[in-house]
Amino acid sequence: MRILETALIISCVPILGLALLNCRLPRIIAIVLLVIPATILVVLLSTLEMRLHFIPAYFIPVLLSVVALIWLVFPNLHLPTLLIRAGAMAALFFLAGGAYLTRLIPVLEFPTPPGSYQVGVTDIVVNNTYSRKLRVRIWYPAEKDAKGPSIPYLSSARVPDKYLSSVLLAKTNALKNVKMAPIKEGCPVILYSPEWLGECYLNTTLFEALASEGFVVVAIEIPSASENPSPLNFSTKESLQRFDQAVARELKARMSDMLRVYASLPDLQSGLLANGILKEKLNLSAVGAMGYSFGGAVTAEALLNEPSLRSGINFDGTLFGASAKQGAKQPFLFITHNMTFPSEEELQSEDSAIRREAEFGTLSLQQMNHWLNIHGGYVIRIDGAQHSTFCDIPLYAYKGKLTGADGQKAIRTLQKVNLCAVAFFNKTLRGQNPALLEKEGFPWSEIEVRLFFPQKPKTSPGS
């Protein structure tokens with residue numbers, strides 16, 4: 001629970017306990033005790049910290065205030081003892097219900113970043129050739145003595161009802177517009193492309209982990225190229241075709257967006273952008289890229305089209321476009337939850353939706369293996385992970401509690417994924433050689449790493 005929520009419950013318990021025990025207090029003291037919870041409630045609401053699942057507890061201060069008002073108007077009014085005790089029991093039940101729901105659906109808490117630097121954040125806007133305004137959030141290593149309020153995980157503009165959202169109350173570890181830490185050799189830069197809906201906030205823990213290790217992450221919050229891009233849907237042949245058409249549009253536009261932001265990095269280095277916070281602090285000869293889900297395909301396409309990008313990571317994304325057939329020559333890491341081909345039963349299923357999904361999965365794995373056979377690279381597979389394990393969703397602990405899943409294990413896995421990304425970029429952008437990525441297996445039992453070396457080219461799948 002939040003501090004004010006805890007104070008609200010603590011202020012209600014004494015007066016309800018006295019009522020349950022039928023204890024008599026001087027009238028003025030009783031009225032003060034009745035009014036204190038309402039005062040705390042007013043403060044809580046004025047700070048916009050109201051949460052939907054704590055509403056049962058909000059009724060109690062209101063009820064106690066009504067009782068205090070009645071007592072002021074009718075000082076000689078005496079209620080039956082049974083009624084007072086029943087009311088006190090009901091009020092305690094509502095308080096307990098509110099407290100339990102806040103534990104079931106807690107405010108997100110971000111793990112402490114693993115590196116030695118504090119994390120800073122600044123925002124810029126970049127205009128693309130499509131006249132698309134790209135909102136770009138930059139995460140960077142901040143000075144150790146930097147001070148300031150932590151930025152919220154989400155802005156109120158993203159949440160339908162700011163008074164009732166638990167997510168809106170979450171704070172990151174990052175500080176807004178603080179001074180950047182001086183790093184002698186300059187900071188490597190990592191471009192980031194988000195998932196299908198273009199929401200960058202889903203990988204906040206990844207950005208914080210990299211920034212705390214001395215990287216600058218340039219996260220591109222990309223507007224869709226089409227108003228409502230069709231989601232992946234295997235139900236009909238037509239729905240899959242609509243998705244393929246949307247992919248072609250989105251991939252071209254988002255790859256262009258990433259390369260446009262890449263072209264704007266000299267303006268960050270010169271101080272023309274971001275109010276000079278990153279001026280002369282970047283190593284523009286060490287720029288990599290990464291993406292989650294569909295952003296992984298965008299990353300692959302960007303590396304194919306811009307050879308000066310040094311390396312890339314695909315976080316559990318399917319390949320599309322030219323890079324799906326050709327791959328890219330730069331060092332590349334696939335982090336995935338699945339490397340198992342669909343079964344023959346699925347491929348031959350009478351259910352056309354199952355069959356199409358199996359064919360899609362087969363082609364995806366063939367394309368990844370084809371890339372690795374030609375160019376080499378890394379694959380990290382995580383047992384028991386899901387697509388959501390590669391973003392911040394495991395931090396929504398209530399999902400695990402409601403479904404029975406091991407939420408803490410998912411959070412630990414997410415942190416390990418982030419450390420794998422740090423190790424990979426340390427190797428490919430800083431020239432370091434972390435032994436972690438050279439081992440046959442990781443020191444974590446649920447994670448398997450494979451290193452591929454280039455082989456004789458094979459015929460491109462799907463060509």
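The figures here come from the full heavy-atom set of this structure, side chains too, leaving out hydrogens, waters and symmetry mates.
Two residues are said to be in side-chain contact when any heavy atoms from C-beta on lie closer than 4.5 Å; P307 and K329 fail this criterion. Side-chain contact check for K281 versus V216: every heavy-atom pair is 4.5 Å or farther apart.
Within 6.0 Å of CZ on F360 lie more than 12 heavy atoms contributed by other residues, nucleotides or ligands. More than 12 non-hydrogen atoms from other residues, nucleotides or ligands lie less than 6.0 angstrom from NZ of K176. Annotation for E345: atom CD does not count as buried by contact number, only 12 or fewer foreign heavy atoms lying within 6.0 Å. For CZ of F341, the number of neighbouring non-hydrogen atoms (other residues, nucleotides, ligands) closer than 6.0 Å is greater than 12. Within 6.0 Å of atom CG in D244, more than 12 heavy atoms from other residues, nucleotides or ligands are found, so the atom counts as buried in its surroundings.
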Decide yes or no on side-chain contact (heavy atoms from CB on, under 4.5 Å) for I124 and L268, but give the supporting numbers first.
-> CA-CA 10 Å; I124 63 172; L268 286 172; 4.2 Å; yes
Chi angles and distances behind the side-chain contact (heavy atoms from CB on, under 4.5 Å) call for D316, I335 | CA-CA 6 Å; D316 209 42; I335 305 184; over 6 Å; no
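The closest donor-acceptor contact from the side chain of S264 to the backbone of V261 lies under 3.5 Å. H370 places no side-chain N or O within 3.5 Å of a backbone atom of A324 that could act as its donor or acceptor partner. Of the possible donor and acceptor atoms, one in the side chain of Q269 sits under 3.5 Å from a partner among the backbone N and O of L282. No donor-acceptor pair closer than 3.5 Å links the side chain of N173 to the backbone N or O of V119. Between the side chain of E143 and the main chain of D145, no donor-acceptor pair closer than 3.5 Å is present. Using modelled atom types, one side-chain atom of S150 and one backbone atom of T172 make a donor-acceptor pair closer than 3.5 Å. Within the 3.5 Å criterion, the main-chain N or O of F390 finds a donor-acceptor partner in the side chain of N203. Put simply, the side chain of E195 gets close to the backbone of G198: a donor and an acceptor are under 3.5 Å apart. With hydrogens and angles disregarded, a donor-acceptor distance shorter than 3.5 Å links the side chain of R310 to the backbone of S285. In this structure a side-chain-to-backbone donor-acceptor pair under 3.5 Å is missing from D267 to L273.
The two atoms that bring P141 and G214 nearest to each other are CG-CA, 3.9 Å, heavy atoms only. Minimum heavy-atom separation, I220 to P194: O-CD, 3.0 Å. Closest non-hydrogen pair, S308 versus Y262, comes out as OG-OH, 2.7 Å. Of all non-hydrogen atoms in Y58 and L8, the two that sit nearest each other are CD2-CD2, 4.1 Å. The two residues K171 and F110 have their closest heavy-atom pair at O-CD1, 3.2 Å. Closest non-hydrogen pair, A300 versus A328, comes out as O-CB, 4.5 Å.
Shown are S323, S256, S193; of these, the side chain to side chain donor-acceptor pair (under 3.5 Å) with E301 is made only by S323. Remark: of the listed residues F425, Y378, W371, W371 is the sole one forming a ring-ring contact (aromatic ring centres under 6.0 Å, His included) with F332.
The closest side-chain donor-acceptor pair between N338 and T336, if any, does not fall under 3.5 angstrom. Side chain to side chain, R356 and S352 meet the donor-acceptor criterion of an N or O pair below 3.5 Å.
Ring geometry, W196 versus F294: the interplanar angle exceeds 60°, so the pair is classed perpendicular (tilted spans 30 to 60°).
Geometrically, R137 does not engage Y192 in a cation-pi contact defined by less than 6.0 Å to the ring centre and at most 45° from the axis.
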